[in-house]
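Beneath this line is the structure, given in structure tokens, with notes to follow.
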Amino acid sequence: MESILARTLAILPLGVLAVGLVTACSDQVPPPTAPAAVTAPAAAPTTVQATTRDPTTPPPTPAPARPTAPKPNGKPKVAYSCEPNAPAKFGDPAHPNTITNKSCPALNAAKERAARDYQRKLDAEHRAVSDAALQACREQTGQTTAQCQAQARAGLAS
């Protein structure tokens, strides 16, 4: 069966067709004016043949529905675990250089806290030694604190 669009294209010139399509698609375009010298050829009548189904044949059965598998949501999620004593595993294909079995936030926080505490202790000891050295410098040489500090920075401390 011939489509309406194919028949319209065969009958009408392109200019009239374009105006008709614009009018059909938009209600804001003013109505088209028909060209004065355009005449459409008469369309040949089309015949439609009716098909009848043989009553002895069963109706066509639809194709069996295929079960659809759930679509993956992109990349598979990688389980990060905390295995501090196990050898390192690199199980994330999206991030091949990331270790996946050493994700231990509580353990990492405890290590960072211990490192900060140790650094504070070292700083306090250094200040105590520096204070004691300055005190000794002042007592032995009779210089001011600023003079002893200057000597220490210059490497001339005794």
Side-chain angles (χ1 to χ4, degrees), residues 1-10 12-30 32 48-49 51-158:
M1 187 168 162
E2 191 175 22
S3 73
I4 295 172
L5 184 58
R7 285 193 313 197
T8 305
L9 287 174
L12 296 176
L14 289 177
V16 176
L17 177 64
V19 171
L21 286 175
V22 169
T23 304
C25 295
S26 173
D27 58 342
Q28 298 176 1
V29 176
V48 177
Q49 295 178 346
T51 57
T52 58
R53 190 173 61 83
D54 185 13
T56 58
T57 59
T61 57
R66 287 189 239 160
T68 58
K71 293 182 180 177
N73 295 339
K75 298 176 183 171
K77 292 201 174 201
V78 176
Y80 286 81
S81 61
C82 179
E83 301 169 5
N85 297 326
K89 294 179 186 174
F90 300 91
D92 190 353
H95 306 282
N97 296 329
T98 302
I99 298 172
T100 57
N101 66 334
K102 302 290 183 180
S103 179
C104 307
L107 185 61
N108 293 342
K111 286 181 182 178
E112 289 172 3
R113 190 171 33 259
R116 282 192 303 268
D117 292 344
Y118 182 69
Q119 187 62 45
R120 285 188 198 121
K121 178 184 169 191
L122 290 177
D123 291 344
E125 288 175 359
H126 179 66
R127 277 192 302 274
V129 169
S130 296
D131 291 344
L134 284 174
Q135 181 66 28
C137 174
R138 285 192 307 260
E139 289 175 358
Q140 292 174 1
T141 61
Q143 296 177 344
T144 64
T145 304
Q147 290 171 331
C148 287
Q149 286 175 336
Q151 285 181 352
R153 279 193 293 271
L156 303 174
S158 55

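When reading the values below, keep in mind they use all heavy atoms of this one structure, side chains included, and skip hydrogens, waters and symmetry mates. This chain uses plain numbering: 1 for the first residue, then up along the sequence.
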Original post:
Which heavy atom in D92 sits nearest to a heavy atom in T100, and how many Å separate them?
Top reply: N-CG2, 3.7 Å
Subject >> Non-neighbouring partners of D123 that pass salt bridge (charged side-chain N to carboxylate O under 4.0 Å, His left out), sequence neighbours left out >> reply: none
Original post:
Excluding sequence neighbours, so at least two apart, what forms side-chain contact (heavy atoms from CB on, under 4.5 Å) with L107?
Top reply: P84, C104, K111
Original post:
Got a sec, which pairs hit disulfide bond (SG atoms under 2.5 Å apart) with one end in residues 109-142, sequence neighbours left out?
Top reply: C137-C148
Subject >> Distance-minimising heavy-atom pair for N108 and K102 >> reply: ND2-O, 4.5 Å
Original post:
Side-chain donor-acceptor pair under 3.5 Å between Q135 and R138, yes or no?
Top reply: yes
**OP:** Could you tell me which residues satisfy side-chain contact (heavy atoms from CB on, under 4.5 Å) with E125, sequence neighbours excluded, listed by chain and number?
**Re:** K121, L122
**OP:** Just jot down the salt bridge (charged side-chain N to carboxylate O under 4.0 Å, His left out) partners of K89, sequence neighbours excluded, or say none.
**Re:** E83
Original post:
Got I99 and F90 here, is their nearest side-chain heavy-atom distance under 4.5 Å?
Top reply: yes
**OP:** Could I get the full list of salt bridge (charged side-chain N to carboxylate O under 4.0 Å, His left out) partners for R120, not counting sequence neighbours?
**Re:** D117
**OP:** Could you grab the distance from atom CD of Q143 to atom CG of L134, nearest 0.5 Å is fine?
**Re:** 11.0 Å
Original post:
Taking it one step at a time, do N101 and Y80 satisfy side-chain contact (heavy atoms from CB on, under 4.5 Å)?
Top reply: CA-CA 6 Å; N101 66 334; Y80 286 81; over 6 Å; no
